[in-house]
J.: 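Structure in structure tokens, see below.
Just so you know, these numbers use all the heavy atoms, side chains as well, and skip hydrogens, waters and symmetry mates.
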Amino acid sequence: MTLFPEMIGQGMNTSILGRAIQSGAIELEIRNIREYTLNKHLKVDDYPYGGGAGMVMEAEPVYRCYESICSDAGCVPRVVYLTPQGRVFRQEMVREYAMEENIIFLCGHYEGIDERVLEEIVTDYVSIGDYVLTGGELPAMVMMDAIARLVPGVLSNEESADTESFSDGLLEYPQYTRPPEILGRKVPEVLLSGHHENIRKWRQEQSIQRTQERRPDLYEMWREEG
């Protein structure tokens, strides 16, 4: 649900996600909230009660859009509202959302959306970080990208989703490719050895070390859970 459908379409119909949509592994439907207003000028915002800077998105077109989606889907999907006031998006949430059959992403703009419709339809308030963006489209695409990657058939090599950063609470180990030496730096000998168990141990050690150095908060969480 967005005021800028072309932004979502351009961002999502490329690369891995574009191929996943074409293959039917995931389905993306973009609804333009403006199409659900009764205003002949397709205006969907108004001045806030009580005064203040900026404009507020009206409840009515948002709710009509939501009702239309529910009717077409034959169910009442989970509704994610992208807002800096929500809980911060993390990998465990990615795994949770990947289990859903349908998800609605509600993208706000201006100073936000009339609180009454949020209270009526929103199930999840989610933020991608402690900063403010011009709208919810970019956060929605970040979430959709992360979630889609865990849907079967989206990645050509599904193992890659199991070995990346955050899959086991740690950051991913460093990666190398050909040539074996460049810029005066060599690929670690263990990766050229062909000894799979030694490679596995090296990668685990590197993940632990990298997490401890770069994300001590994650490292402490990993230690506590381990």
J.: Could you tell me whether R64 and E60 make a salt bridge, using a distance below 4.0 angstrom between a side-chain N and a carboxylate O?
T.: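 Between E60 and R64 there is a salt bridge, with a charged N closer than 4.0 Å to a carboxylate O.
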J.: Is I16 reachable from M143 through a run of hydrophobic residues whose side-chain heavy atoms are each under 4.5 Å from the next?
T.: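 Yes.
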J.: Picking from I104, V126, I113, what satisfies side chain to side chain contact (heavy atoms under 4.5 Å, CB included) with Y81?
T.: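 So, applying the side chain to side chain contact (heavy atoms under 4.5 Å, CB included) to Y81 and each of I104, V126, I113, only I113 qualifies.
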J.: Do Q209 and E213 get their side chains close enough for a donor-acceptor pair, meaning under 3.5 Å?
T.: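 Yes, because at least one side-chain N or O of Q209 sits under 3.5 Å from a partner of the opposite role on E213.
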J.: With a 4.0 Å cut-off, would you call E29 and R31 a salt bridge?
T.: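 Here E29 pairs with R31 in a salt bridge, since their nearest N and O are under 4.0 Å apart.
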J.: Are the side chain of T123 and the backbone of V79 linked by a donor-acceptor contact shorter than 3.5 Å?
T.: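 Yes; at least one donor-acceptor contact below 3.5 Å.
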J.: Do other residues, nucleotides or ligands put more than 12 heavy atoms under 6.0 Å from the OH atom of Y47?
T.: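 Result for OH/Y47: open.
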J.: Indicate yes or no: does R200 engage E197 in a salt bridge with an N to O separation below 4.0 Å.
T.: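 Yes, charged N to carboxylate O under 4.0 Å.
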J.: Of all residues at least two apart in sequence or in a different chain, which pass the ring pair (Phe, Tyr, Trp, His ring centres under 6.0 Å) check with Y110?
T.: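 Testing Y110 for ring pair (Phe, Tyr, Trp, His ring centres under 6.0 Å), a comparison that skips the adjacent residues, returns none.
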J.: Check the pair N102 / C75 against side-chain contact (heavy atoms from CB on, under 4.5 Å), numbers first and verdict last.
T.: CA-CA 9 Å; N102 299 284; C75 64; 3.8 Å; yes
J.: Determine which pairs satisfy side-chain hydrogen bond (donor to acceptor under 3.5 Å, both in side chains) with at least one residue from residues 18-28, sequence neighbours left out, and list them in order.
T.: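 Of all non-adjacent pairs touching residues 18-28, none passes side-chain hydrogen bond (donor to acceptor under 3.5 Å, both in side chains).
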J.: Decide, yes or no, whether a salt bridge links R34 with D45 under the criterion of side-chain N to carboxylate O below 4.0 Å.
T.: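 Answer for the salt bridge query: no.
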